[in-house]
Amino acid sequence: MSRPEHLSAPGPDPSLNVEFRDSLVPQITAGEYTLTAYQTLADGPDGYLPTADRPVTRHIDVRAPRFAVEPEWVHGAYPPPGATGLYDDVLPHITLDRPTLPWEREEHTGTGGERLPWLALLVFGEGELPDDPHCLGPSQDDQRTVAQLTGHEDGVVLPTFDKGEPIADDESGKTCRTVLVPRAVFHAVAPAQDELPLLTHVRHVNKQHQGVTLTEDTIQIGDYAVVTGNRLPSPGGGRYVAHLVSLEGWLDRLPDGSEGNETYTGPDERLRLISLWSWSFETLTDNAPGFAALTEHFVDTEGDDGTELLLRVPVGDLPLSGPEQQAVADRLRDGYLPVSCRTESGRATFGWYRGPFVAEPVKEQAERDRRRCAAEALIHLEQYGVFDVSLATAFTAGRGVALADHQFAAALLRLRGKVRTAAEQALNPAPAGGARARIGHLAANGLVGHLRELHRQPVLASAAANAARPAVTPVAGATALPALADITVERLRTDADLRDRLDKGVGDITGGSGKPEGPDEDFTAVRDWLLRLRNLTGVPFAHLVPDARMLPAESLRFFHVDADWTTTLVEGALSVGLAHRFDFTGDDLVFGPQGALPEPTASVTGLLLRSKLVSGWPALEVRPFAAPHETEGETPLRVLRREALAEDVLLVLFEGVPGRVEIAEPQQGVHFGIDEPDNGRATAPLDDGIIRLRSVVETKTVHIGQETGTAFPSDGSGLHDYVRKPGEGNPDTVLRIRKLANGLAGALGLQPPLSPARFAIQMINAAQRRTFTTAPVTTGDHRNG
């Protein structure tokens, strides 16, 4: 692996850094190998071991991806698949979660000795591909088996596979996608051999703000391979399709990159390339869909003091003529929604519903007993004669999610049986000596006579038999112990001795007794499932956002999580399978505030994002920070849950109330591109666009990657000199990557050639971010009227 080049992000936070590396070559690449093992015994006794070496030889076949890329290896692509916008200053790229993929095959080296990747990203425009003139992507007609690619096709040149790595028998029947490319088009858009290394590099990224952060160790490192195209979309607009293609068998047909040879003059051929991955996009002259434009829309629509960024139905300028209408408007502002419902008597009416996400923090509720059914969670608003069905819906939702998960329900029932058994043993311990001593104790207290008396009595005289039952001397110390049926949650809370005795009894189940093997597996499964449920995992989206107007397209909404709603949700889940009155007490013992499901240490907040940002930037960074403290300063908040609920919807939950939230581009996905001049956007980026130079030397005051304050070209002449000269049918936006890299090296005072990592540092567009600062709000709760 080559020496890494490091790029520091703006600001003093080192966790935002990203390293650029030339390549990540595996120790063993694809091919056939021979392993030879032998041993020699020096100065050994004659006859014990032979003095001659006896090598053992084995032949192995190392395989690597060759005909397709698995979907889970593709981290993302830019421009996003299916996107429409202005992308004329961006080089399309694809980011791979498998960082060694570009170097796992074909041990070819360039003129400088660098390892050449075996794949490249080719960008085609409308009318350039005969089988895909409208840039829609591969179709079923483009699929071929591997065996067909090794055969013959009239009028088409097929790839020549490496003879040193024969195709295995089980690979011949595999189907792969292909793209048919005229030789002239391939010559016009494909990079030269010495440009391939500059268009592929590895990013070593800290993913701290791209997922949940539930542990103290927040540094999460990931490696990503990035393959970049060499063609800018036209400023005049149009559709494009990008193909990640295999170069196996095609290196000799790549253009040489020299000036004057841009136009192909050879025979009219059609090349069938293996398309490992592809996507389409469209560029328009009047649409700016980038990160800055999308997040700017949130700012433009935030309303007064950001009030429109709260999750609720917009009230707007409703005409208010009386207290009733004012009350309705207040409830809508609090996040409520009127819904149709029926009373227990069957009368149709409406009720107020509010999900767990609320616009303002809910006042902390007083301690209450656990609800046993949804009806107990209904709140009657006497002033208006309707019900608040929010908590009743939460109870029903929790019960429904639990019933839908058979594994959870079974584990819960098994766990309750274990808790009852452990509680009985804790309250009524067996006498010393075990079962034999207990039988002897019962026999000594008249057990035989009692059984004989019961045998003589008729069945209908059982009452008289009970009255004449001989007394049994109780076990010492057991007279004051209550039966399970008599233990209530209230008694469990007030009787510390009873609580301590039961805690010790269930310790072996919950792991509290110090068992070396840890807690019971059913306990662990139920606890983890309830913790996920409290973070609203599995709750239908309609319960979270009951009206589409709360979360319109291209919107960002912040909210507080109603702790009473999530508590009732858990109560609904625990209502499944109640078979014993002690089960209520046992649930509180195991999962109550003092058990394995304590209340959150801080209020929970979060955001919902419905935008193209979710699909276009799959690792979008969300950074919540607490309001700065006088002594501690600003600290990051833990992310409890982060999940894409749909292709364009992202849910993030925080522990605590943020004072500031940043939304930023992921550093593994930021793209190559041309910067705007300081005086504004150019009509066409090639006319007067610039590349802001970044330092490649680390000093005490300047980090590698920081802007030097100078631009390339320094005279503002544009970048036309670094574009392949268009010939007949040739595009005019394909960059001469090697010439551009040499020019950047000269501007930096370096001797060419420029390494792929240093070239990436110069061409990268710095990750953009948008900051939202929360304002203090007045606490309150209008649930009870």
Side-chain angles (χ1 to χ4, degrees), residues 1-7 18-35 60-70 72-75 93-122 159 161-166 190-207 221-230 244-252 254 274 276-277 667-669 672 696 704 737-738 741 752-764:
M1 183 179 67
S2 58
R3 179 176 66 89
E5 299 289 349
H6 187 267
L7 172 61
V18 55
E19 289 181 354
F20 290 81
R21 299 177 176 179
D22 292 339
S23 59
L24 192 57
V25 181
Q27 294 295 326
I28 299 179
T29 55
E32 293 182 334
Y33 293 85
T34 300
L35 300 182
I60 63 171
D61 181 15
V62 177
R63 296 187 183 182
R66 196 173 191 178
F67 305 108
V69 167
E70 299 296 332
E72 58 267 23
W73 298 345
V74 178
H75 175 79
H93 77 265
I94 184 171
T95 305
L96 302 170
D97 280 322
R98 182 164 174 153
T100 59
L101 182 63
W103 301 277
E104 292 182 14
R105 311 192 57 80
E106 298 232 10
E107 296 191 25
H108 294 282
T109 56
T111 56
E114 68 274 14
R115 177 68 177 270
L116 296 182
W118 65 278
L119 42 75
L121 186 66
L122 306 184
F161 294 107
D162 187 0
K163 300 297 184 182
E165 186 187 354
Q193 279 198 31
D194 62 351
E195 294 176 335
L196 288 175
L198 294 172
L199 294 172
T200 309
H201 65 277
V202 173
R203 299 181 189 177
H204 190 66
V205 179
N206 176 18
K207 304 187 294 179
I221 301 300
D223 288 322
Y224 301 87
V226 179
V227 184
T228 307
N230 62 344
L244 183 68
V245 301
S246 169
L247 295 179
E248 185 178 6
W250 303 113
L251 289 179
D252 59 344
L254 292 176
I274 296 175
L276 305 166
W277 196 263
Q667 308 214 28
Q668 67 265 36
F672 279 6
V696 293
I704 292 178
I737 297 297
R738 176 56 67 181
L754 203 63
S755 69
R758 290 185 169 182
F759 180 69
I761 289 176
Q762 304 307 316
M763 293 297 296
I764 204 76

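What you see is a predicted model, and the numbers here were worked out from it, not measured in a lab.
- Contact check for L119 versus S246: no side-chain heavy atoms found under the 4.5 Å cut-off.
- Between F759 and F672, the angle of the ring planes goes over 60°, which puts this pair in the perpendicular group of the 30/60° scheme.
- To the nearest 0.5 Å, the span separating CG on L276 from CG on L101 amounts to 7.5 Å.
- Nearest heavy atom pair, residue W103 against residue A225, reads CZ3-CB, 4.4 Å.
- L251 places a side-chain heavy atom less than 4.5 Å from the side chain of Q193.
- For the pair R738 and P753, the tightest heavy-atom approach, listed with the atom from each and the gap, is NH1-CB, 3.3 Å.
- When every heavy atom of T200 is checked against every heavy atom of P117, the shortest pair comes out as OG1-CG, 3.7 Å.
- Residues V69 and V74 have side chains in contact (heavy-atom distance under 4.5 Å, counting atoms from C-beta outward).
- Between V227 and L244, some side-chain heavy-atom pair lies under the 4.5 Å cut-off.
- Here the shortest heavy-atom pairing between L196 and P191 reads CD2-CG, 3.5 Å.
- In this structure the side chain of I764 reaches within 4.5 angstrom of the side chain of R203, judged on heavy atoms.
- Side-chain contact check for I704 versus I761: some heavy-atom pair is nearer than 4.5 Å.
- To the nearest 0.5 angstrom, H93 atom NE2 is 9.5 Å from L121 atom CG.
- In this structure D61 satisfies the salt bridge (charged side-chain N to carboxylate O under 4.0 Å, His left out) test together with R63, sequence neighbours excluded.
- The line from CG of L199 to CD1 of I737 is 5.0 Å long, rounded to the nearest 0.5 Å.
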(message) Would R21 and H204 count as a side-chain contact (heavy atoms from CB on, under 4.5 Å) here? Give the steps.
(response) CA-CA 8 Å; R21 299 177 176 179; H204 190 66; 3.6 Å; yes

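- Annotation: side chain of V226 is not in contact with side chain of I94 (no heavy-atom distance under 4.5 Å).
- Looking at L35 and I60, their side chains come closer than 4.5 Å, going by heavy atoms from C-beta outward.
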(message) Apply side-chain contact (heavy atoms from CB on, under 4.5 Å) to residues V202 and Y224 and explain how you reach the verdict.
(response) CA-CA 6 Å; V202 173; Y224 301 87; over 6 Å; no

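- No side-chain donor-acceptor contact under 3.5 Å links W73 to the backbone of P99.
- Contact record, E72 with D97: O-OD2, 3.6 Å, taken as the closest heavy-atom pair.
- The two residues T29 and R115 have their closest heavy-atom pair at CG2-NH2, 3.4 Å.
- Listed by chain and number, the residues in a side chain to side chain contact (heavy atoms under 4.5 Å, CB included) with A190 are L122, F186, L254, P255 (sequence neighbours excluded).
- Remark: R98 engages E104 in a salt bridge (charged side-chain N to carboxylate O under 4.0 Å, His left out) (not counting sequence neighbours).
- Under the 4.0 Å criterion applied to side-chain N and carboxylate O atoms, E248 and R66 are assigned as salt-bridge partners.
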